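A quick note: this is a predicted structure, and the numbers were derived from the prediction, not measured. Quick note on labels: first sequence line is chain A, next is B, and so on, each numbered from 1.
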There are 2 protein chains.
Amino acid sequence: MAGRPDRLTLADVAERAGVSRATVSLVLRSSPLVAESTRIKVQRILDELGYVYNRSAASMRASRSRTVGLLVPGLSNPFFAELAAGVDQILDEAGLALFLADSNESVAKQERVILRMREHGADGIIICPAVGTTKDLISRLDAWKFPFVQALRHISPQGDYAGADYEIGMDRATEHLIRLGHRRIAFVGGEHMHSAYRERRDGFVACMRRHGLSPDFILKTPLTRQAGMDAVAAVLEQDEAATAAICFNDVVAFGMLLGLSDRGLEPGVDLAVVGFDDVAEASLSRPPLTTVATLPNQIGQDAARLLLRRIADPHGLPERVILPTRLVVRASCGALRSQRVA
Amino acid sequence: MAGRPDRLTLADVAERAGVSRATVSLVLRSSPLVAESTRIKVQRILDELGYVYNRSAASMRASRSRTVGLLVPGLSNPFFAELAAGVDQILDEAGLALFLADSNESVAKQERVILRMREHGADGIIICPAVGTTKDLISRLDAWKFPFVQALRHISPQGDYAGADYEIGMDRATEHLIRLGHRRIAFVGGEHMHSAYRERRDGFVACMRRHGLSPDFILKTPLTRQAGMDAVAAVLEQDEAATAAICFNDVVAFGMLLGLSDRGLEPGVDLAVVGFDDVAEASLSRPPLTTVATLPNQIGQDAARLLLRRIADPHGLPERVILPTRLVVRASCGALRSQRVA
DNA sequence: TCACGAATTTAGATCGATCTAAATTCCGGG
DNA sequence: CCCGGAATTTAGATCGATCTAAATTCGTGA
């Protein structure tokens, strides 16, 4: 602690309580070895003096820091923020502290941050790899024997992973549109080829193929509202215009809703729009957005639980927790005409 | 590091390089004391062996951890996420690691987290106090000699602080509405009495008073879209209905925009609406939202810089960085009729 | 060639906890 | 009242860096 002049140590407490350092240490770790009466006596002194445990010293000797890292590619994306909240919740319950860092989709910063976490002696790391991360990161983590869990995205099938079943989610959403009678459907949004993109696209393609429809109306765009607005033109002004658009995520879908009303068109009537993620705003857009819920908080919790297990048992078999997604039908796909608000 | 079996130490590197531990240590800290030739030789071995610095050991001896904490009351609020991104950026440049925690507006969790950060030997903390935090927290931080900076909210005028000038921002926004001819203006949103609330409300009240208008149309609501939607009724269905509403933040304002269009009313015509924060979506709502930009990323950067200074000089005079806000006039206030989109 | 101050390097103590192995205390039975 | 085993407690080594103070090496002028 930043050169605090006279920090209390175990020895001070021990002396004051009339026991040895070792005993105080046992009390701190609530070991069953110490007698109830001494535990109470020591605890009283501990509180009285306002003793603060020194984890640097502890982790040095015990080679465990009760700290884990979380690396996300963009905190300002509410999706990752929500994931972080889930991770934090589980770790807090377990009494571990969380090192959070944002790679900003930069592989270089990601590299720096991982090193820093190793230096700080983190017991493990939950990592949502930045775009462009190569497989060898996973091999290195392995070689370093650094416990890790991949979340949301994965760059290698090795190791633990927590995520949502994007492929089936997208498949179901596409199926829903096809049932509503759509035949020409566009897949809109996403520019980088990471696992999360691949899975969603594959779900779309698989479903279209299964129904004998062409899955080649795929539009790559940045993941912003603006891009969604701009995409409206590309979707409608085509020799063979689409009647429905299924978006990579809700943000792009919101953009499309805006783009449609700017042109005086009505979402769900002139073009069915479906999003992905079910962010908080989805039920409050006009019209409310049909989307696929992917529960980032939940995924964060699962990732944290996986990591705790991996730390406890470094050699156990890898696990992949893949949460089911849920199609949330609202008005933007045209299914609930009556519920639509003028 | 989680019981890694055979972690390399300074001694290993020293032996391999044919120098003493002390010399290697100096190289690691890039001390000017070591000769260029030895620095190069040692650095080569360091890279070759893939040595990883052990910060636990270092901070124990040096009583500095090159780590700071950031405590926010709700990561899933994009505003705080953005703040965190700003903090992270500055700290990363300075080579410090960030401990991030979310108090979820719970004083109890906040207390737990602060203790954890002290235990981990954080060099300081940036804290955005949870609702209900009492002044004595600040006194305790002081007594512990734990360097801190308050951000966005403050519970005590003591100590460093980084925030935006909410009061003037709200004053200017109110002034803008009055200039547009409004006389009956409602202040909508906010339920907890923290500094951020008080300052915004005071700005509104001061401006109304200055113009001889009544500032008592104040509606407390949760800070959600839903609450904003619901507030529309309360604002319009009053014996003396308001012609303009100025919201605690953009989220509430978005809700009001939705509430208005649900009733077939036009924001900016039937009711002028102004938000606060200028979140990313503000320019993309329909109509685009007039709001006050408060630059959370910037504030995060300033908070981080303040903390770095405070750590370097624990006894320097306290500083308060108060960033100016900027009124961003779009269509929702009715000022830009021509720009409004049908 | 030697002395001397500056530039480098280093031995050994130290930070504050944990861990090991051994010492002490406690208790019930003989 | 002593003994043996269980229950508690403890001394002292240890983790891997930094720091202090002293030793060594270097370069230069006499």
Problem set entry | Given C/dA17, D/dA17, C/dC19, the nucleotide with the shortest approach to the side chain of A/Ala62 |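 Looking only at heavy atoms from C-beta outward on A/Ala62, the closest nucleotide is C/dC19.
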
How many whole angstroms separate atom [atom1] of [X] from atom [atom2] of [N]?
{"X": "B/Arg66", "N": "D/dA17", "atom1": "CZ", "atom2": "C1'", "result": "15 Å"}
{"X": "B/Leu28", "N": "D/dA17", "atom1": "CG", "atom2": "C1'", "result": "10 Å"}
{"X": "A/Leu10", "N": "C/dG16", "atom1": "CG", "atom2": "P", "result": "10 Å"}
{"X": "A/Arg61", "N": "C/dA17", "atom1": "CZ", "atom2": "P", "result": "14 Å"}
{"X": "A/Asn54", "N": "C/dG16", "atom1": "CG", "atom2": "C1'", "result": "6 Å"}
{"X": "B/His120", "N": "C/dA17", "atom1": "NE2", "atom2": "C1'", "result": "14 Å"}
{"X": "B/Tyr53", "N": "D/dG16", "atom1": "OH", "atom2": "C1'", "result": "10 Å"}
{"X": "A/Arg29", "N": "C/dG16", "atom1": "CZ", "atom2": "P", "result": "17 Å"}

Problem set entry | Summary of protein contacts for nucleotides 4-12 of chain D, nucleotide by nucleotide, where a base hit scores B, a sugar-phosphate-only hit scores S (4.0 Å, heavy atoms) | ----SSBBB

Exercise. Can you name the side-chain hydrogen bond (donor to acceptor under 3.5 Å, both in side chains) partners of A/Gln110, sequence neighbours left out?
Worked result: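 For A/Gln110, the residues satisfying side-chain hydrogen bond (donor to acceptor under 3.5 Å, both in side chains) (neighbours in sequence not counted) are A/Thr133.
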
Problem set entry | Criterion side-chain contact (heavy atoms from CB on, under 4.5 Å) against B/Tyr161, the qualifying member of B/Val149, B/Ile322, B/Val321 |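 The side-chain contact (heavy atoms from CB on, under 4.5 Å) with B/Tyr161 is passed solely by B/Ile322 among B/Val149, B/Ile322, B/Val321.
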
For this session: Sorted by first residue and then second, give each salt bridge (Lys or Arg N to Asp or Glu O under 4.0 Å) pair with at least one member in residues 17-40 of chain B; sequence neighbours left out.
Result: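 Sorted pair list: B/Glu36-B/Arg39.
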
Problem set entry | Sequence neighbours excluded, every pair satisfying ring-ring contact (aromatic ring centres under 6.0 Å, His included) that has a member inside residues 70-109 of chain B |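 Every ring-ring contact (aromatic ring centres under 6.0 Å, His included) pair that includes a residue of residues 70-109 of chain B, provided the two are not neighbours, is A/Phe99-B/Phe99, B/Phe99-B/His120.
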
Problem set entry | Partners meeting side chain to side chain contact (heavy atoms under 4.5 Å, CB included) with B/Glu15 (sequence neighbours left out) |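 B/Glu15 satisfies side chain to side chain contact (heavy atoms under 4.5 Å, CB included) with no residue once adjacent residues are dropped.
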
Check: residues 125-132 of chain B side-chain donor-acceptor pairs under 3.5 Å, at least two apart:
none

For this session: Please determine if a side-chain N or O atom of B/Tyr51 lies less than 4.0 Å away from the OP1 or OP2 oxygen of D/dG16.
Result: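 B/Tyr51 to D/dG16 OP1/OP2: no side-chain N or O under 4.0 Å.
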
